Amino acid sequence: MGVYLNPGNGPFQQICNGIYVDKTDMIDYVNSTVGTPAKLTCFSRPRRFGKSFAAKMLCAYYDKSCDSRKLFEGLKISKMDSFEKYLNKFDVIYLDITRFISRSKSKGTDVVADMQFATIEELKKAFPEFVKEDETYLPDALSSINQATGNKFVVIIDEWDALFREAKDDDNLQKEYVQLLRGLFKGGTATDETIAAAYMTGILPIKKYGTESALTDFREYTMTDPTGLAEYVGFTEDEVKALCDKYQMDFESMQTWYDGYSFDQIQHVYSPNSVMLAISKKKFKNYWTASETYESLKKYIEMDFDGLKGAIIGMLSGEAVRVKVSTFQNDMTSFRNKDDVLTLLIHLGYLAYDDNTEKATIPNLEVAGAFGDAVGGTDWAYVAGAIKDSDDLLDATIEGKADKVADALERAHEGACSVLEYNNEASLSAAIVLAYYTARRQYEIVHELPTGKGFADLAFLPRKYSDYPAMVVELKYNQDADTAIKQIKEKRYDGKLKEYFGNLLMVGINYDRETKKHTCVIERA
């Protein structure tokens with residue numbers, strides 16, 4: 001066993017010893033690609049979504065230097081027809097690109113050259129007769145071994161795009177790296193005979209040069225189009241329910257905090273690392289609070305592109321925003337418009353994307369917290385102020401301080417109208433949701449909730465763990481807040497709101513278009 005050649009099954013064994021969700025059926029998919037034109041797979045998804053877990057799982061399964069039969073016994077793959085076919089049958093090349101970046105920084109070496117040198121040194125020890133002493137090019141070393149022995153390799157590259165993220169301004173290094181990958185994987189006799197299969201993980205899809213992919217032979221699965229691998233992006237709802245049952249965690253809270261990513265095949269996908277941390281720490285909170293998260297998100301949302309700020313404010317207000325994802329160049333520098341920035345945020349996991357509607361949203365309470373922190377560090381004064389003051393606004397609402405509520409909403413609405421490019425009831429609704437930003441910790445905020453004889457403009461439904469009263473909000477233009485309250489009463493409390501009768505706040509809000517003044521009336525029901 002080595003570090004880069006046949007690393008064994010120890011790392012996957014450690015994973016199985018912790019809080020583990022069985023994703024081994026993904027091996028069946030990779031097995032189906034071995035020795036076929038589809039044998040090159042690139043599966044990109046956000047940090048902390050289990051990329052390295054999958055890479056180590058595949059190493060344990062394919063690595064011929066170890067016996068992993070007992071390790072996989074009882075897991076999903078052991079019950080599948082392809083289990084025996086390739087179990088521990090290949091030499092595995094495992095490259096963790098982040099490891100090589102750290103090595104090169106400490107040693108002052110070229111990342112790509114160091115990667116090849118370290119791997120070739122292990123190949124020389126394992127195949128001393130077949131690798132030239134002065135060999136420096138990894139594809140040639142693998143080809144020499146294959147020609148002499150017939151051995152085929154499974155190549156697993158973890159965080160394949162880390163170099164594009166860490167050295168995003170070093171074009172020469174990036175091109176050198178792409179040329180190495182092309183040498184390993186570009187179609188041709190040598191590659192076809194040497195590589196049995198390849199699996200790359202990363203955050204970004206494969207970089208484009210113009211409209212062409214740098215590695216055209218790879219089948220890609222991404223956060224904008226995961227197709228058949230959608231269930232492996234993160235934890236599914238059934239998997240999270242099973243974890244909650246096993247570890248006595250509240251499922252509704254888990255859903256509120258970490259759900260929100262949705263694809264055609266799988267409607268509910270959860271952030272795996274956050275789910276596991278919530279279980280191990282027995283606490284639901286924002287686990288995206290690392291300084292790198294705050295700084296990078298702040299940098300991207302402040303970029304100077306037409307419509308970007310309005311799109312971000314719209315999503316902070318609960319809206320879904322249309323995003324054209326096709327022009328993104330799959331790197332951290334080639335931004336040409338707001339859609340490119342938003343597409344990057346989708347790949348980074350800050351936004352969820354619906355391929356059917358082509359719209360993006362902020363997925364859950366955890367990510368909403370990260371956005372709230374990032375916006376607080378920008379120069380978006382009214383937005384940052386609204387989020388900062390939202391706890392006080394909720395307290396004022398519950399205490400029935402209507403004048404204070406009207407003043408706060410007036411400030412939020414004025415700011416929203418300056419960015420959202422519309423001045424109507426929709427902008428008032430968006431401003432209200434933004435002004436109550438932190439209230440989503442206690443409430444599910446629903447637009448147009450059915451209430452019997454019509455719909456409530458906004459309903460604040462307490463979460464299962466909350467003891468806050470429910471709130472129903474009615475919005476009026478150029479009328480008066482009393483009329484809004486009257487309309488709430490006329491709609492009655494059928495449907496979802498009926499169960500809150502006796503612990504319900506009716507909030508009527510009117511906006512005078514001429515004076516720009518807001519009035520508010522609050523009553524209990």
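Please read all numbers here as calculations on a predicted model, not as lab measurements. The figures here come from the full heavy-atom set of this structure, side chains too, leaving out hydrogens, waters and symmetry mates.
Annotation for A230 and V269: closest pair O-CG2, 4.3 Å, computed over non-hydrogen atoms. Smallest separation of non-hydrogen atoms from L277 and S280: O-OG, 3.1 Å. When all heavy atoms of V507 and C520 are compared, the pair lying nearest together is CG1-SG, 4.0 Å. Closest approach of T333 to K168, counting heavy atoms only: CG2-O, 3.6 Å. The minimum heavy-atom distance between S52 and D158, with the atom names listed, is OG-OD2, 2.6 Å. Across every non-hydrogen atom of E159 and I97, the tightest pair is O-CB, 3.3 Å.
Within a 6.0 Å sphere centred on NZ of K76, other residues, nucleotides and ligands contribute more than 12 heavy atoms. Summarising the local packing, CG of D81 is surrounded by 12 or fewer heavy atoms from other residues, nucleotides or ligands at distances under 6.0 Å.
In this structure, R47 is not positioned above the aromatic face of F49 in the sense of NZ or CZ being under 6.0 Å from the six-membered ring centre and within 45° of the axis. A cation-pi contact, defined as under 6.0 Å to the ring centre and within 45° of the axis, is absent between K56 and F12.
Side-chain atoms of Y61 and L71, non-hydrogen and from C-beta on, never get closer than 4.5 Å to each other. Side-chain contact check for L365 versus R440: some heavy-atom pair is nearer than 4.5 Å. Looking only at side-chain heavy atoms (C-beta outward), M303 and F335 come within less than 4.5 Å of each other. Using a 4.5 Å heavy-atom threshold, the side chains of I313 and L434 count as touching. Between D354 and F263, the closest side-chain pair of non-hydrogen atoms is not below 4.5 Å. Taking the side chain as every heavy atom from C-beta outward, D339 and F328 never approach each other to under 4.5 Å. Two residues are said to be in side-chain contact when any heavy atoms from C-beta on lie closer than 4.5 Å; I203 and S44 fail this criterion. In this structure, L243 and M249 have side chains that are not in contact, with every pair of non-hydrogen atoms separated by 4.5 Å or more.
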**Study point:** Residue pair K23, E239: steps toward the salt bridge (Lys or Arg N to Asp or Glu O under 4.0 Å) verdict
**Key:** CA-CA 10 Å; K23 294 285 191 179; E239 289 166 345; 2.8 Å; yes
Point to revise | Intermediate values then yes/no, side-chain contact (heavy atoms from CB on, under 4.5 Å), L342 and M315 | key: CA-CA 11 Å; L342 296 177; M315 287 186 285; 3.9 Å; yes
Review point. Can you list the steps and then say if K298 with E302 is a salt bridge (Lys or Arg N to Asp or Glu O under 4.0 Å)?
Key: CA-CA 6 Å; K298 177 177 176 291; E302 282 192 305; 3.2 Å; yes
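Between the side chains of Y62 and Y94, no donor-acceptor pair is found at a separation under 3.5 Å. Of the N and O atoms on the side chains of T327 and D340, at least one donor lies less than 3.5 Å from an acceptor on the other residue. No donor-acceptor contact under 3.5 angstrom links the side chains of K282 and Q248, judged on distance only. Under the 3.5 Å distance criterion, with hydrogens and angles disregarded, no donor-acceptor pair is assigned to the side chains of S253 and R463. Of the N and O atoms on the side chains of T24 and D22, at least one donor lies less than 3.5 Å from an acceptor on the other residue. Neither side chain, Y258 nor N273, offers a donor N or O lying under 3.5 Å from an acceptor on the other. A donor-acceptor contact closer than 3.5 angstrom links the side chains of E237 and Y270. With hydrogens and angles left out, the side-chain atoms of D238 and T236 include no donor and acceptor closer than 3.5 Å. For the 3.5 Å distance criterion, the side chains of T483 and D480 qualify, holding a donor opposite an acceptor.
Legend: residues meeting side chain to side chain contact (heavy atoms under 4.5 Å, CB included) with D403, ordered by chain and number and at least two apart, are absent.
Residues Y261 and F235 keep their aromatic ring centres 6.0 Å or farther apart. For F460 and Y436, the ring centers sit closer than 6.0 Å to each other. Ring to ring, Y477 and Y511 are close: their centroids are under 6.0 angstrom apart.
Look at R441 and D391 and you find a salt bridge, because one of the NZ, NE, NH1 or NH2 atoms lies within 4.0 Å of a carboxylate O, short of that distance.
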